[in-house]
Q: 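Please find one structure pasted underneath; my questions will follow.
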Amino acid sequence: MGRWTRGRTVGRGSSATVSMAFSSSSGEVFAVKSAEMSRSESLQREQKILSSISSPHIVSYKGWDVIVDGTELVYNLFMEYCPCGTLRDAIDRCGGWLGEAEITRYTRQILIGLEHLHCLGIVHCDVKPRNILITEEGAKISDFGCAKRVEDLAGPTVGTPMFMAPEVARGEGQGQPADVWALGCTVIEMATGKAPWPESGDPFSVMYRVAYSAASPDIPSCLSDEAKDFLTKCLRKDPSERWTVTQLLKHPFLARLNSPVSKQCEELKSSSPTCVLDHGFWSSSSEELDHDTVDPEQTVLVNSAADRIGQLSSSSGRPDWTWKEDWGHWTTVRGHFDELNRQLSGTLCGSDGGPIGLSNMEGLEITVISRDGCKKFSKGCKYREGGDVISSAHAGQHGGNSVTLIPKL
Ligand SMILES: Nc1ncnc2c1ncn2[C@@H]1O[C@H](COP(=O)(O)OP(=O)(O)OP(=O)(O)O)[C@@H](O)[C@H]1O
């Protein structure tokens with residue numbers, strides 16, 4: 001990647017921090033996922049997997065490096081920057097659930113990405129809306145920190161309780177059918193705004209229920225018959241009976257790409273707040289995870305033997321679930337962005353390549369580049385809000401060009 005500059009933090013997970021970044025040599029904007037070298041094992045595993053795959057529906061790999069930060073070595077994984085956030089953010093922006101046409105489109109795109117992975121003998125192991133990124137080209141699978149090759153499936157079980165297939169929750173194995181189950185759960189979250197088992201409480205109860213009860217996730221009644229049938233094929237309890245991604249890509253549900261949103265969902269949507277997409281990508285606030293509670297939608301690492309779920313199951317010999325200590329949380333950038341965007345609309349002027357006036361901004365030095373040509377327009381502009389807030393912005397008065405501001409650190 002050559003010389004590059006770190007920008008605004010756009011997300012934090014349990015293992016790493018993701019920031020925007022900017023290449024000084026090419027002008028390219030990309031994302032960098034960073035972890036201290038001593039805690040970068042999962043990031044390095046992610047690098048190995050991501051560097052071996054290429055699909056329009058998987059986030060693109062751009063390289064890696066190690067840098068010295070003070071006394072620490074930091075491992076960095078570079079990938080394409082996805083400016084529209086995650087699928088969970090998209091659900092929130094649209095008032096809490098998506099219409100069936102959007103669900104169909106995203107589901108097909110996720111399946112295309114999964115088919116590529118599965119053909120290469122890789123299991124993602126943590127498919128969920130928070131790990132699907134949205135770009136202008138649609139949905140892209142991201143976060144390969146839990147991914148495994150089928151020949152290495154013996155390692156610890158990983159995943160997110162509410163999206164775990166029964167065989168995974170029982171500790172019996174985590175093959176490609178587990179990704180299909182998690183895709184079914186993702187469809188449920190797109191349709192209802194909630195992951196399956198919303199009433200089950202803490203993650204241990206969720207996993208116990210998934211593993212040992214006869215219950216299946218509720219199929220949203222607002223979905224069409226084709227969508228419901230698609231879900232039943234994803235959510236078969238026996239992994240050997242679950243459809244494969246290749247079979248699912250041929251399911252009639254996905255042939256209905258231009259179908260109207262089902263009536264009940266349409267009614268629900270029309271009685272909900274206006275879709276905030278109308279107001280621009282970054283105007284809504286995102287959900288912050290509560291650090292003090294264990295969130296069943298958070299990725300967990302499940303080690304060996306039998307304590308916690310064993311307490312719930314009352315019988316011995318059941319698997320023990322050990323959680324990652326460091327839960328991480330989302331960083332909200334949108335409040336800052338809104339302010340930044342307003343200032344930009346008022347102050348940007350000139351045409352492509354011409355001068356840009358940002359004179360009423362003070363504080364952080366920034367570089368302005370266009371998103372289309374990644375061309376530098378101006379250096380040393382000042383941004384009033386302070387901090388390293390920078391994200392993509394739409395500058396209406398700048399010939400309709402989108403511009404990206406990169407902090408000069
Ligand atoms: N390429 C990207 N472009 C834009 N934002 C991204 C990108 N990759 C990640 N993010 C943001 O950073 C957040 C954390 O990234 P990611 O899920 O990969 O981290 P993690 O540490 O592996 O998380 P987890 O706790 O699920 O293991 C994402 O949810 C998303 O909001």
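Both ligands and their constituent atoms are indexed starting at 1 by order of listing.
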Q: Going by an N to O cut-off under 4.0 Å, is there a salt bridge joining Asp143 and Arg130?
A: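 Salt bridge between Asp143 and Arg130, a charged N being under 4.0 Å from a carboxylate O: no.
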Q: Any idea which heavy atoms bring Thr246 and Glu115 closest together, and the distance?
A: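 Minimum heavy-atom contact is OG1-OE2, 2.9 Å.
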Q: Looking only at distances, can you tell me whether any N or O atom of Ser14, backbone or side chain, sits closer than 3.5 Å to an N or O atom of ligand 1?
A: yes
Q: Under 4.0 Å, heavy-atom basis, I'd like to know which part of Cys82 is in contact with ligand 1: side chain, backbone, both or neither.
A: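 Answer for Cys82: both.
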Q: Answer yes or no: is there a side-chain heavy-atom contact under 4.5 Å between Gln47 and Tyr61?
A: yes
Q: What atoms of ligand 1 come closer than 4.0 angstrom to any heavy atom of Val10?
A: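 Here the atoms of ligand 1 in question are 5 (N), 31 (O).
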Q: In terms of relative ring orientation, are Phe30 and Phe78 parallel, tilted or perpendicular, with 30° and 60° separating the classes?
A: perpendicular
Q: Would you mind telling me which of Asn76, Thr17, Asp69 makes a side chain to side chain donor-acceptor pair (under 3.5 Å) with Ser34?
A: Asn76
Q: With heavy-atom distances below 4.0 Å as the criterion, list the atoms of ligand 1 near Leu133.
A: 1 (N), 2 (C), 6 (C), 7 (C), 8 (N)
Q: With a 4.5 Å cut-off on side-chain heavy atoms, are Asp126 and Phe163 touching?
A: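 Phe163 does not reach Asp126 side chain to side chain.
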Q: Non-hydrogen atoms of Ser142 versus ligand 1: any pair closer than 4.0 Å?
A: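 Flag not set, Ser142 not near ligand 1.
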Q: Is a salt bridge present between Asp89 and Arg93, judged by a nitrogen-to-oxygen distance below 4.0 Å?
A: no
Q: Give the contacting part of Lys33 toward ligand 1: side chain, backbone, both or neither, where contact means a heavy-atom distance below 4.0 Å.
A: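 The part of Lys33 near ligand 1 is the side chain, not the backbone.
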Q: Using a strict 4.0 Å cut-off to heavy atoms of Ala31, name the atoms of ligand 1 that fall inside it.
A: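 It comes down to these atoms of ligand 1: 1 (N), 2 (C), 3 (N).
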Q: If the cut-off is 4.0 Å to any non-hydrogen atom of Asp143, which atoms of ligand 1 fall inside it?
A: 16 (P), 17 (O), 18 (O), 20 (P), 22 (O), 23 (O), 24 (P), 26 (O), 27 (O)
Q: How close do Met162 and Pro198 get, heavy atom to heavy atom, and via which atoms?
A: CE-CA, 4.2 Å
Q: Which of these, Lys194, Arg88, Lys128, sits in a side chain to side chain donor-acceptor pair (under 3.5 Å) with Glu189?
A: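 For Glu189, the side chain to side chain donor-acceptor pair (under 3.5 Å) check succeeds only for Arg88.
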Q: Which of the numbered atoms in ligand 1 are below 4.0 angstrom from a heavy atom of Tyr81?
A: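 Those qualifying, in numeric order: 3 (N), 4 (C).
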Q: Under a 4.0 angstrom heavy-atom cut-off, which atoms of ligand 1 come close to Arg130?
A: 29 (O)
Q: Should Arg12 be counted as touching ligand 1, given the test is an N or O pair under 3.5 Å?
A: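 Between Arg12 and ligand 1, no N or O pair is found under 3.5 Å apart.
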Q: Counting only heavy atoms, which portion of Asp89 has something under 4.0 Å from ligand 1: side chain, backbone, both, or neither?
A: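 Within the 4.0 Å criterion, Asp89 makes no contact with ligand 1.
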Q: Quick one: which ligand 1 atoms are inside 4.0 Å of a heavy atom on Ala16?
A: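 That gives atoms 21 (O) of ligand 1.
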Q: Give yes if a backbone or side-chain nitrogen or oxygen of Thr86 is under 3.5 Å from a nitrogen or oxygen of ligand 1, and no if not.
A: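 Between Thr86 and ligand 1 (N or O atoms, distance only) the closest approach is not under 3.5 Å.
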